[in-house]
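Inspection log for the structure reproduced underneath, given as structure tokens.
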Amino acid sequence: MRKVVVGGAQLGPNQKTDSRARIVERMLVLLDQANSSGCTLVVFPELALTTFFPRWFMEKQSEIDQWFEASMPGPDTQPLFDRARLHNIAISFGYAELTPDGLHYNTSILTDQQGNIIARYRKIHLPGHSEFDSSRDFQHLEKRYFLPGDLGFPVTQAMGGRIGMCICNDRRWPETYRVMGLQGVEMILLGYNTPSFNSQKVTEGPEDRLFHNALVMQSGAYQNSSWVVGVAKAGIEDGFPLIGGSMIVNPDGRIVAAATTEDDELIVHDCDLDECNFGKETIFNFSRHRRIEHYGIITSQVGVLNGGD
Ligand code: CDT
């Protein structure tokens, strides 16, 4: 038995006018709740410290950079690290990272239970577009503000097992899970900000978005025999709705804890990393069953051949 008591700390909306300090205060409340529930690891969403600013078109770099963190921890985020250390809780959260070289990434970090950053992931699958698009109901400018991640999908020895991270849109791609699966991942930490509506397809609403959210995380967990902890920033942010649907999925693909609100909410599950073993040793024993001689185009080809891509 390798137990990790995981808290999925869903956040309600962050408005454009909310200060980092105010948002961190809400995160501290969730951390205190997680401590009372015996959590040893708490996962917060993508871009936890700000509104989902890629919905806004900006041209001035100084305006863009106000949404980024040039240091982690910084003055506003230090209290998070201090509280987590006090409670002996490892934390993971997403934020917009500005590197010392001036590069911009959509990043998640993982700390150990003493508040030291032990892993970093930079979002690889950046959805949306890079220029203002008047045909959309709202903008999704991740391709404008972020570079694609340059760290691959690292899996880190932590919490007595192998922990990986990905961010939001990454969860829709089976490659994300399999690249971590091939590193023996046992728990995938995953924050997201998903609009409740498709800005280009009026018929796709919250019900569809929640269905796809569960579908991809449950299948990713099952097909790689890994825990998946999916955590939303939810609710109406700057007037635009984001889905909730935070969940913890076991290595059999079943949802074992699920959020019921679109607000700050903690979901908790006592996860045994040894539950990954059965699937990894049987149906998804990769070294016995995978047929890589037929998988070559996955890495040599991006789009469908002659498919207009
Ligand atoms: N944050 C993020 O990656 N959101 C995307 C929205 C997709 S629509 C452009 C997601 O996959 O949930």
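Indexing begins at 1, ligand by ligand and atom by atom, following the structure's order. Remember, it's a predicted structure, so these values are computed and weren't measured experimentally.
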What atoms of ligand 1 come within less than 4.0 Å of a heavy atom belonging to [X]?
{"X": "C168", "answer": "1 (N), 2 (C), 3 (O), 4 (N), 5 (C), 10 (C), 12 (O)"}
{"X": "E46", "answer": "1 (N)"}
{"X": "N193", "answer": "1 (N), 2 (C), 4 (N)"}
{"X": "E142", "answer": "1 (N), 2 (C), 3 (O)"}
{"X": "K123", "answer": "1 (N), 2 (C), 3 (O)"}
{"X": "R172", "answer": "10 (C), 11 (O), 12 (O)"}

For the 3.5 Å polar cut-off, considering only N or O atoms, please tell me whether N169 and ligand 1 meet it.
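Such a contact does occur with ligand 1.
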
Polar atom proximity, R209 to ligand 1 (N or O, under 3.5 Å):
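No: no nitrogen or oxygen of R209 is under 3.5 Å from one in ligand 1.
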
With no hydrogens and no angle check, just 3.5 Å: does a side-chain donor-acceptor pair link D32 and N35?
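There is no such pair between these side chains.
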
Compute the centroid of each ring, for F68 and then for H104, and state whether the two points are separated by less than 6.0 Å.
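For F68 and H104, the ring centres are under 6.0 Å apart.
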
Check whether F197 forms a cation-pi arrangement with R209 (NZ or CZ under 6.0 Å from the six-membered ring centre, at most 45° off the ring normal).
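Verdict for F197: no cation-pi partner in R209.
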
Face-on cation placement of R55 at F138 ring, 6.0 Å and 45° thresholds:
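Judged by the rule, R55 and F138 form no cation-pi pair.
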
With heavy atoms only and a cut-off of under 4.0 Å, state how R55 meets ligand 1: side chain, backbone, both or neither.
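Within the 4.0 Å criterion, R55 makes no contact with ligand 1.
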
Under 4.0 Å, heavy-atom basis, I'd like to know which part of F52 is in contact with ligand 1: side chain, backbone, both or neither.
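Answer for F52: side chain.
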
Let me confirm one number: the [atom1]-[atom2] distance from [X] to [Y], rounded to the nearest 0.5 Å.
{"X": "Q218", "Y": "M247", "atom1": "CD", "atom2": "CE", "value": "6.0 Å"}
{"X": "C168", "Y": "N193", "atom1": "SG", "atom2": "CG", "value": "6.5 Å"}
{"X": "D76", "Y": "E25", "atom1": "CG", "atom2": "CD", "value": "10.5 Å"}

Taking it one step at a time, do D170 and K123 satisfy salt bridge (Lys or Arg N to Asp or Glu O under 4.0 Å)?
CA-CA 7 Å; D170 289 321; K123 186 174 182 178; over 6 Å; no

Among protein heavy atoms, which sits nearest to atom 12 (O) of ligand 1, and what does the distance come to when rounded to 0.1 Å?
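For atom 12 (O) of ligand 1, the nearest protein heavy atom is T194 OG1, 2.6 Å.
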
What protein heavy atom lies closest to atom 6 (C) of ligand 1? Include the residue and the distance to one decimal.
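Here the nearest protein heavy atom works out to H140 CE1, 3.6 Å.
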
With under 30° as parallel and over 60° as perpendicular, where do the rings of F286 and F284 fit, or are they tilted in between?
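The arrangement is perpendicular - the two ring planes meet at more than 60°.
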
Using heavy atoms and a 4.0 Å limit, tell me yes or no: is H125 in contact with ligand 1?
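The answer is no: ligand 1 sits nowhere under 4.0 Å from a heavy atom of H125.
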
